[in-house]
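Read through the structure below, which is laid out as structure tokens, and then see the notes.
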Amino acid sequence: MTEQPPEAVPARVPAPPPAPPVVRLAEGLAYGGDYNPEQWPREVWDEDVRLMREAGVNLVTLGVFAWGTVETANGVRDWSWLDDAVDLLHRNGIGIDLATPTAAPPSWLLTAHPEIAPVLADGFREPAGGRNAWCPASPVYRRFALRHTEALAERYGRHPAVRLWHVGNELGGGNARCYCDLSAAAFRDWLQARHGSLQAVNEAWGTDQWGHRFGDWSEILPPRGRHGAPNPGLFLDYERYSSDALLSHYLAEKAVLERHSAVPVTTNLMVGAGAQIVDYASWAKHTAIAANDHYTLVDDLLREQDLAFAADRMRGISAGRRPWLLMESSTGGPSWQRRNRAKDPGEIARHSLGHVARGSDGAMFFQWRASTAGAEQFHSAMLPHSGTRSRVWREVVELGRYLKALAEVQDSTVEPARAAIVVDDLSGWALQHGLKPHRELRYGRELRTWHRALWRRQILCDVVPVDADLDGYDLVIAPTLLVVDDAAAERLRAVPERGGTLVATYLSGVCDRDGKVVTGGFPGAFREVLGAWTDEFYPLQEGERTALDNGAAVEDWTERVHLEDAEAVLRYASGSLSGGPAVTRRAVSGGAAWYVSAPLDDTTVDDLAERLAAEAGLTRTVEAEPGLEAVRRIGADHSYLFLLNHTDTDLKVAADGRDLLTDTRVGPETAVPAGGVRVLRESVRHPLE
Ligand code: GLA
């Protein structure tokens, strides 16, 4: 008898459930981090909980990588240490975010079933030793992962200390794409559900080019190999499939947990600027509270703005803009960057409260106690190697005090923004892959450029997914939104028609959702509403610059733009496009539609942002110097004004209320100390609308 090949696990994602009730993880804002007691002798645990209490920790993420330390051999489980840890935390009033440890399959499983590991595009199967070493289409992995999840849920699903379930860890971090045969089979199944027929696939992907028409489903393969020129339709569908495959694994674990437990379920996303590894906006709809891991990057000169962008994006994917949770961040250098920068004094609080300002109902870290061994032995922690006599520890204790003082901020929501930036991972993926006119354009760079201009003016901006309702926004910016479906294009075109301001930047609206170019002039979907169109792209060579008539220069990308019923706000002033429009504006029934055909320098974007804000009637949260970040959260009884000074000089701002961090009365003007933070309970509650 020949052995049957295993059936691939299908990637099935049901429609998201209605938004669940708001989750409260702690009394007040959540504070804590990943706690890995299994790395330490039992006597250290008592010190851990004593110090956690000293620091005000009220929630820890437990057991994230504890599959192999509980299920020590196939079906053999030693719960004793985990039982002790759960009880110890509970006795000390510390809530638990209990993880299913499925991110790190145990060695015995990887040894018995090396086929569960993901395969790279070039056919190389990942060896054991990393994390997320599993393929979501693997039925073997799925079976073992759900078996352990079930055992965990049965044991702790009703334990009063468990406040949240944390499925796996950073799903996709290490296994975002798998190119094995099982993945190929699951991909075909997914394609059938999406397109219905092979003919529809052929049409959507335009497979007649290069004669790549498929005559049988079995001919369709993942975009393997290194040639770098996959069919764009196939490429985009593989990205979508891969996101759904991981999401369906999350949903399978969630379903098991929910059979045994009423505790809310989430997983930690990795939301930042740029294209994400999976489509987190669709994932967030399946979580009880959206949770994010955010680490500042050492070579980012404006890391606080990157942080603000990520936090604004989290709010944008969180149902009803409700509070979300910063699940991981660092107290200092991580260990996965090339040169792992420590945080400057004051940055731990400033960064953490920056997330809280923008909607996080807590601040959590990787990890509680610094490890001495293992791959992450040099990663910073709340309790560093040097112990409690360290600056980091003092700042960790201080942050705990701050978060306690801000308890009443819990459940309040960030003031509704009137500006939005539309982001779309598909557009980012499409922009950065395949044979594009310019292969070095970076989606995140364009997103950050526009966000930065609003951020430095203290103008709040939601960063929203492409399927978001745009009705409440007076200014909507769509940076390089390369692929759009009809419904999204319609929502964006409606913005100027109802009196708002729409800004589309180069390459937006050029392709449909399958990655096919829309003909008749760029940017296809927005040509009419913009009243301007492009007949040719002029990508620039490295180091080449084209002048604009405001004296600035652009790099990387220019276009030959023609006006229909728009005016030129800026023109190209050198090269073969000299005299042609670079930035255009069309007045539309009380609103305006702008087209920006090139990546502009910061000063030009700042000038435009000033004009756009005035045109859209946007107000600043406070009037202050750039570098003073200001965001307001509004609760049932009070509004709270967060003021973060990222500069090295004290900055004054008009604000009136009680500073909850120092418990002092301030106003009508206050100086926010260099590098410092104030959080005012405002004397007069700011209205919600
Ligand atoms: C990620 C992971 C953590 C840890 C940190 C280190 O966010 O989720 O387990 O590895 O990175 O920065």
Side-chain angles (χ1 to χ4, degrees), residues 30 32-40 59-69 96-106 129-134 164-176 246 249-250 253 266-274 276-278 280 283 287 290-300 303 306-307 310-311 313-314 324-343 347-348 351-352 355 360 362-385 392 396:
D34 281 32
Y35 180 40
N36 301 306
E38 68 273 29
Q39 296 176 12
W40 298 93
L59 186 72
V60 294
T61 302
L62 187 67
V64 183
F65 299 112
W67 189 350
T69 44
I96 299 172
D97 165 35
L98 189 58
T100 69
T102 50
R131 292 200 323 212
N132 280 323
W134 52 272
L164 186 65
W165 286 110
H166 178 296
V167 170
N169 190 63
E170 294 187 341
L171 286 151
N175 62 348
L246 287 159
H249 181 83
Y250 162 79
E253 287 199 23
T266 194
T267 187
N268 48 344
L269 311 178
M270 290 179 275
V271 167
Q276 314 298 292
I277 57 169
V278 296
Y280 286 131
W283 288 45
T287 60
N292 198 33
D293 294 352
H294 186 267
Y295 292 85
T296 49
L297 295 175
V298 293
D299 51 357
D300 191 330
R303 35 192 199 282
D306 171 62
L307 185 158
R313 192 169 184 179
M314 280 307 291
W324 49 277
L325 179 67
L326 175 68
M327 185 65 92
E328 282 182 32
S329 56
S330 69
T331 59
S335 52
W336 45 267
Q337 299 183 28
R338 276 196 323 122
R339 299 173 184 215
N340 294 281
R341 180 199 291 277
K343 296 229 180 205
E347 268 189 329
I348 294 177
H351 288 177
S352 302
H355 286 285
S360 174
M364 310 274 291
F365 292 88
F366 177 85
Q367 58 180 333
W368 161 250
R369 183 187 277 272
S371 306
T372 55
E376 299 192 280
Q377 66 180 154
F378 287 111
H379 198 291
S380 58
M382 298 173 79
L383 182 58
H385 290 133
V392 164
V396 161

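First listed ligand is number 1; within each ligand, the first listed atom is number 1.
For ligand 1, the polar-atom distance check against E170 finds a nitrogen or oxygen pair separated by under 3.5 Å.
In summary, the atoms of ligand 1 found under 4.0 Å from a heavy atom of F65, numbered by their order in the structure, are 9 (O). Heavy-atom proximity to N169, at under 4.0 Å, picks out these atoms of ligand 1: 2 (C), 8 (O), 9 (O). In the vicinity of D293, heavy-atom distances shorter than 4.0 Å reach the ligand 1 atoms 7 (O), 8 (O).
Closest approach of V64 to G168, counting heavy atoms only: CG1-O, 4.4 Å. In plain terms, the two heavy atoms of G63 and P101 that are nearest each other are O-CB, 3.4 Å.
Using a 4.0 angstrom heavy-atom cutoff, R131 counts as in contact with ligand 1.
Proximity of Q367 to ligand 1, defined as any heavy-atom pair under 4.0 Å, is not found for any part of the residue. Counting heavy atoms closer than 4.0 Å to ligand 1, residue M270 contributes nothing at all.
Between H379 and W336, the ring center distance fails the sub-6.0 Å criterion.
For the 3.5 Å distance criterion, the side chains of E170 and N132 fail to qualify, holding no donor opposite an acceptor.
Ranking the protein heavy atoms by distance from atom 5 (C) of ligand 1 puts Y295 OH, 3.4 Å first. Protein heavy atom closest to atom 4 (C) of ligand 1, with residue, atom name and distance, is E376 OE2, 3.3 Å. Protein heavy atom in closest approach to atom 3 (C) of ligand 1: E328 OE1, 3.3 Å. Regarding atom 6 (C) of ligand 1, its nearest protein heavy-atom neighbour is H379 NE2, 3.0 Å.
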Go through the steps to decide whether N169 and F65 satisfy the test side chain to side chain contact (heavy atoms under 4.5 Å, CB included), and finish with yes or no.
CA-CA 8 Å; N169 190 63; F65 299 112; 3.5 Å; yes
Evaluate the criterion side chain to side chain contact (heavy atoms under 4.5 Å, CB included) for residue pair E376 and F366; output intermediate values, then yes/no.
CA-CA 10 Å; E376 299 192 280; F366 177 85; 3.4 Å; yes
Going through the distances and angles, do R341 and E347 end up as a salt bridge (charged side-chain N to carboxylate O under 4.0 Å, His left out)?
CA-CA 12 Å; R341 180 199 291 277; E347 268 189 329; over 6 Å; no
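Residue L62 is tested with D97, I96, D34 for a side chain to side chain contact (heavy atoms under 4.5 Å, CB included); the sole match is I96.
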